Amino acid sequence: YARVDNKILVIGGIDPYCSHCLHENQPQPQKQQGSRMVSIEHPKNSINNVNVNNKDTWFPNCGDQVLIYDISVMEWRHLSYIPLGSRHHHSAVLCDGLIYVIGGTKTALGCTKKSTFEKSIWCFDPTTLKWVFESSLPESRRDFAVIAINEQTMCSHCQDCKDMSRHDIGFFIIGGESTNGVALNSVWFYSMRPPLNKGRYGFAAAVVNNEIWVAGGIVKEGSIAMGGGSGSGGAGAGAGGDCGDGDGDGDDGDGEIIKTSTNVITDTIEIYNLKCIHESNSDTRSLAYGSEHGAGGDGVERFTGQWIPLKLHLRMPRLFGRFCVMGNGGLYLVGGLGFDKHGVLISLSDIDNFDFERKQWWHCGDLKWPRHGHDVGIINDYCIVAVGGVSTFEKRTLNKVETFCTQTRKCLADLPDLSFPLSGCAVVTIQ
């Protein structure tokens, strides 16, 4: 395959299939320096100066490692440790030249089967390999998405208007699962942003044409049924999942309305427009629900400052899929967890591409290893790299790293395997 000009970092992740505790493999010691936490185990001083002669490549996996793909020897190398121990089901993002590791969970008592939520946000400088404590999340969450805004966004019409708000450099923290298992709809950017229309976690997210797209994942769907009465009206409503027009319970004075909810894997998509109202995307407006959200015409102002559900759906309901936006703007959805024809949850190998002209998803290829709980990166602007994850077919955690070329729609020669299986890791690609 073509020479890789990007640096790929894999941050955190564990092996949930691990059958033993890791009490003896505690994280490396850290030293506190004021507000800075500096790892003391590495002799290097730059991500560009990794010591390729270091033989200590194979480390016990405690979920606290940062790995880097070393191009010169085509191997995965240990780069650093995450401060304060392991991290999984977290997010990592490159923003303004720095890498931010955000939220998620960490192993408890050194056991990969026991986890606690972690609210801290740490900043990693790839030029110095130093960690700095940045902040803490307002609320604990895992399996959420983070979208970086690396430049201020404002159209030419408004750039001279002092009173116009703009999206500053930073990152959006979107959705996720709370400590009590609730799918969150809250969105943070160092202050509250408009919430999602539905709380969701385990979804895919990406910036597409100055819009944040979130798709799939788990959402909570509610239903209303009748109970407590002896008449057929209540039974009929319960069976149908609908209370009808109100006539069904006319004979039941003691009928009770029962509201229930359940978590379901969804194929829905919603977007948040980062553009000014003068540059709202007409293509996206045509995909939105019209009368409810002011699509088109005079309703253009309603496409800023809120999340818009689209009529467009994914090709299938999908959980833990990953979006990839290529250098040419192509949008791909990679892997995840979905249902087979018998309704059984399985790991997916599907790679779907969105056709912006036809406004539909189509299946463009497959991973060699069906997986979910993985993460993805991009190399050479047109190749997708899938790292780690869990496979229901293999019934184990994967250490496989594979590449898929979007130009030829074929899998290329794989990158070397990771030193150990990883799931719930985060991948960052640096130019």
Side-chain angles (χ1 to χ4, degrees), residues 10 13-19 88-89 105 112-113 115 142-145 175-177 181 183 198 200-206 213-221 262-269 312-324 331-354 360-377 384-404 406 409-412 414 417-418 420-427:
V10 178
I14 62 168
D15 180 3
Y17 279 86
C18 178
S19 59
H88 54 285
H89 298 282
T105 53
T112 60
K113 298 184 182 299
S115 298
R142 67 180 180 184
D143 292 327
F144 56 98
E177 181 184 8
K198 288 185 177 181
R200 63 177 78 204
Y201 63 89
F203 55 94
W213 286 43
V214 301
I218 282 183
V219 298
K220 180 168 288 188
E221 297 286 0
T262 183
N263 289 335
V264 299
I265 299 177
T266 185
D267 59 358
T268 58
I269 303 172
L312 172 73
H313 286 234
L314 298 178
R315 199 169 56 86
M316 68 181 85
R318 195 178 299 209
L319 174 64
F320 299 130
R322 287 293 180 263
F323 272 149
C324 256
L331 177 62
Y332 292 83
L333 181 58
V334 183
L337 197 64
F339 295 101
D340 65 9
K341 62 182 180 181
H342 302 293
V344 177
L345 275 175
I346 59 171
S347 299
L348 300 175
S349 63
D350 301 64
I351 300 176
D352 292 354
N353 175 232
F354 182 63
Q360 65 182 19
W361 291 94
W362 64 284
H363 177 246
C364 69
D366 287 281
L367 297 169
K368 290 187 292 186
W369 297 82
R371 61 181 81 201
H372 65 278
H374 60 297
D375 203 3
V376 295
I384 299 170
V385 180
V387 180
V390 173
S391 174
T392 57
F393 294 94
E394 297 292 324
K395 292 183 173 55
R396 64 183 177 90
T397 309
L398 301 176
N399 65 344
K400 299 293 183 182
V401 181
E402 59 180 297
T403 57
F404 177 86
T406 58
R409 293 167 53 190
K410 294 181 179 179
C411 289
L412 303 180
D414 291 346
D417 293 348
L418 299 171
F420 34 71
L422 284 179
S423 175
C425 60
V427 173

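Below, all heavy atoms of this structure are taken into account, side chains as well, without hydrogens, waters or symmetry copies. Numbers here simply count residues along the sequence, with the first being 1. This is a predicted model, so every value here is computed, not measured.
Rounded to the nearest 0.5 Å, atoms OG (S115) and CZ (R142) are 7.0 Å apart. In this structure, Q360 CD and L312 CG are separated by 9.5 Å, a value rounded to the nearest 0.5 Å. Taking CZ from F393 and CD1 from I346, the interatomic distance works out to 4.0 Å, rounded to the nearest 0.5 Å. Between the CD1 atom in I351 and the CG atom in L367 there is a gap of 4.0 Å [rounded to 0.5 Å]. To the nearest 0.5 Å, atom CZ of residue R318 and atom CD1 of residue I265 are 11.0 Å apart. Taken to the nearest 0.5 Å, the NE2 atom of H88 stands 3.5 Å off from the CD1 atom of I14.
For the pair A215 and L314, the tightest heavy-atom approach, listed with the atom from each and the gap, is CB-CD2, 3.8 Å. Across all their heavy atoms, L412 and K368 have their closest contact at O-NZ, 4.2 Å. Nearest heavy-atom pair, F203 versus G176, reported as atom, atom and distance to 0.1 Å: CE2-N, 4.0 Å. Looking at every heavy atom in both residues, P16 comes nearest to S423 through CD-CB, 3.8 Å. Looking at every heavy atom in both residues, A204 comes nearest to G321 through CB-O, 3.6 Å. Closest approach of F420 and N399 over heavy atoms only: O-CB, 3.6 Å.
With R396 contributing its side chain and E394 its backbone, the two residues share no donor-acceptor pair below 3.5 Å. T266 places no side-chain N or O within donor-acceptor distance of the main-chain N or O of G217, the cut-off being under 3.5 Å. Judged purely by atom type and a 3.5 angstrom limit, E402 has no side-chain atom pairing as donor or acceptor with the backbone of C411.
Looking at heavy atoms from C-beta onward, V427 lies out of side-chain contact with V376 at the 4.5 angstrom threshold. Using a 4.5 Å cut-off on side-chain heavy atoms (C-beta onward), H374 and V387 make no contact.
The only option from D352, D350, L345 that meets the side-chain contact (heavy atoms from CB on, under 4.5 Å) definition with L348 turns out to be D350. Exactly one residue among D375, L422, V385, V401 makes a side-chain contact (heavy atoms from CB on, under 4.5 Å) with V10. That residue is L422.
Applying the side chain to side chain donor-acceptor pair (under 3.5 Å) criterion to R200, with sequence neighbours excluded, gives T268, E270. With sequence neighbours left out, D366 forms a side chain to side chain donor-acceptor pair (under 3.5 Å) with S349, H363.
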Inset, instruction - Could you go through the side-chain contact (heavy atoms from CB on, under 4.5 Å) check for T262 and K220 one step at a time? - result: CA-CA 5 Å; T262 183; K220 180 168 288 188; over 6 Å; no
Inset, instruction - Verify side-chain contact (heavy atoms from CB on, under 4.5 Å) between F144 and H89, making sure each step is shown before the conclusion. - result: CA-CA 8 Å; F144 56 98; H89 298 282; over 6 Å; no
Between side-chain atoms of residues 332-341 and protein atoms elsewhere (two or more places apart, or another chain), which donor-acceptor pairs fall under 3.5 Å?
| unit_1 | atom_1 | unit_2 | atom_2 | d |
| --- | --- | --- | --- | --- |
| D340 | OD1 | H342 | N | 2.9 |
| D340 | OD1 | G343 | N | 3.0 |
| D340 | OD1 | V344 | N | 2.8 |

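Taking the six-membered ring where tryptophan is involved, the planes of F320 and H372 are essentially parallel, since the angle between them stays under 30° and well short of 60°. In this structure, F323 and W361 have parallel ring planes: the angle between them is below the 30° cut-off, well short of the 60° mark.
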